Protein chains: 2
Amino acid sequence: MQTAGDGVIYAQEDPAQSVYQVISGAVRTLSHTDDGRRIIHGFHLPGEIFGLEREKLHLCSAEAVCDARLVRCGRARLQALADEDLRAAEAMWWWLLLSRDRTAERLHFLTRANAIDKVADFLIDIAQRTGSDGRIELPMSRYDIADYLGLSPETVSRAFSALRDKGLIACRGRTVVILEAGFRRIPARTRGAARQAEADRSLRPSPLAPLAVAQPQ
Amino acid sequence: MQTAGDGVIYAQEDPAQSVYQVISGAVRTLSHTDDGRRIIHGFHLPGEIFGLEREKLHLCSAEAVCDARLVRCGRARLQALADEDLRAAEAMWWWLLLSRDRTAERLHFLTRANAIDKVADFLIDIAQRTGSDGRIELPMSRYDIADYLGLSPETVSRAFSALRDKGLIACRGRTVVILEAGFRRIPARTRGAARQAEADRSLRPSPLAPLAVAQPQ
DNA sequence: CGGGGATTTGATGCGCCTCAAGCTCCGTGG
DNA sequence: CCACGGAGCTTGAGGCGCATCAAATCCCCG
């Protein structure tokens with residue numbers, strides 16, 4: 001399926017019938033606080049999966065950040081896959097645990113780090129997930145990043161400026177180049193996180209044929 | 001098995017061979033940032049399960065908060081349970097999804113809420129999990145709470161005082177009584193969280209015989 | 001060339017961390 | 001039985017970081 005920028009893929013409270021994988025473009029999952037502020041749960045880049053729910057309804061909405069192509073996989077089909085192929089079931093299990101661990105890791109980081117480190121970490125994360133060696137073209141706005149990191153857009157912008165002034169990145173609008181290799185390890189991450197990230201990158205081959213190379217969250 | 005207060009159940013990087021369920025007392029899972037500060041991932045109360053890992057090693061340590069009794073369940077046994085009983089496998093799957101959702105919910109809350117709301121939410125959470133109708137005996141210190149909520153111990157203490165001054169709680173040391181019913185819904189939670197909490201409380205019966213009524217995280 | 005959203009920059013205030021004392025409670029030894 | 005000590009907790013003062021309000025600038029696109 002195909003979705004234009006800002007298009008709604010599913011809304012919060014919609015029946016959760018499918019799981020999705022991004023083919024191209026980018027997707028954000030989001031919800032709103034009671035006082036109306038937006039929370040972005042995560043961004044989903046090509047190859048990554050989203051939409052798996054515990055209950056019958058989606059807990060958050062999903063929107064295309066920019067024009068995006070997706071593959072949809074029905075719940076029943078996923079269930080069938082897991083039932084008939086033990087390795088597929090194992091892969092899903094493992095993928096879900098990874099998703100949980102990443103969320104926990106993000107929690108600790110966002111709770112402790114300052115604004116500059118958050119933005120730096122975000123850029124490194126995007127670079128790694130896109131397989132980039134430093135140059136990245138951000139699909140999302142500063143507002144999106146702010147709502148994802150729990151900062152104000154102004155603070156995000158100031159963090160970009162600070163990183164540029166320090167010579168750690170070069171950027172113009174949404175084009176960013178990560179300059180400093182040393183910059184690639186952020187303080188305040190929990191011990192062992194580096195080792196874990198290493199393990200994550202060498203993703204085990206997955207038997208989830210149409211949904212291969214699952215990058216959770 | 002039995003463990004005294006502050007006793008180590010397993011250490012970070014230990015081989016992850018078992019899953020545990022708390023029978024009595026309380027357990028904390030924790031790790032340390034590179035600069036030495038302590039991060040408490042979660043508290044585990046009677047009936048709750050912890051220790052399930054994606055990899056061969058534990059990502060964080062587990063310690064008894066106070067004297068505690070635990071049940072240990074080996075990985076192989078868990079695997080066998082899942083293989084032979086489809087309903088058990090489903091329950092584990094569901095439990096893991098719940099764990100993920102709770103972590104995500106906590107992430108958004110801790111990123112947005114102020115110190116008083118964090119502490120208030122923490123107290124309500126503990127009260128709900130212990131099945132208390134208001135009176136709770138905290139097993140953990142203010143320092144533990146601080147490291148769990150990402151606050152300083154002083155700020156946690158001030159939050160307790162502020163809640164007391166507002167007439168929302170009564171407390172003396174680690175004994176707390178939640179006074180205001182209206183206080184039981186905290187702002188800044190994401191929409192639908194109330195409905196979700198409702199669903200969580202009516203926990204579906206689990207076929208995990210020795211590890212029944214699984215409360216994740 | 002004009003318009004409007006996205007981004008940047010500036011000024012100000014509040015909230016939490018840090019450093020620093022007191023205070024409470026409880027166990028221990030005199 | 002009471003003085004002592006120490007850990008846990010509370011309270012106070014000051015400073016830094018981020019949110020907020022405000023305004024200027026960039027840049028894309030018609």
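This structure is a prediction, so every number in the text was calculated from the model and none was measured. By convention in this document, chain letters (A, B, ...) are assigned in the order of the sequence lines, proteins followed by strands, and residues within each chain are numbered from 1.
Contacts of Ser141(B) with the nucleic acid, taken as non-hydrogen atoms under 4.0 Å apart, involve only primed sugar atoms and P, OP1 or OP2. Heavy atoms of Ser152(A) sit under 4.0 angstrom from at least one base atom. Looking at heavy-atom distances under 4.0 Å, Phe160(B) makes no contact with the nucleic acid at all.
Residues Thr3(A) and Leu70(A) come closest through the heavy atom pair OG1-CD1, 4.2 Å. Nearest heavy-atom pair across Val119(B) and Ala159(B) is CG2-CB, 3.6 Å. Scanning all heavy atoms of the two residues, the minimum distance from Tyr10(A) to Cys60(A) falls at CE1-O, 3.0 Å. Across every non-hydrogen atom of Ala16(B) and Glu55(B), the tightest pair is CB-O, 4.2 Å.
For the side-chain contact (heavy atoms from CB on, under 4.5 Å) criterion with Leu138(B), the lone passing option out of Thr175(B), Ile145(B), Asp144(B) is Ile145(B).
Within 6.0 Å of the CZ atom in Arg135(A), the count of heavy atoms belonging to other residues, nucleotides or ligands does not exceed 12.
Nucleotides of DNA chain C lying under 4.0 Å from heavy atoms of chain A occupy a range whose first and last members, 5' to 3', are dA6(C) to dA11(C). Chain A approaches DNA chain D within less than 4.0 angstrom (heavy atoms of the protein), and the contacting nucleotides run 5' to 3' from dC18(D) to dC27(D).
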Please walk me through it: do Lys118(A) and Leu151(A) pass side-chain contact (heavy atoms from CB on, under 4.5 Å)?
CA-CA 9 Å; Lys118(A) 285 181 191 177; Leu151(A) 298 171; 4.0 Å; yes
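Classification of the Phe43(A)-Tyr148(A) ring pair by plane angle, with boundaries at 30° and 60°, yields tilted.
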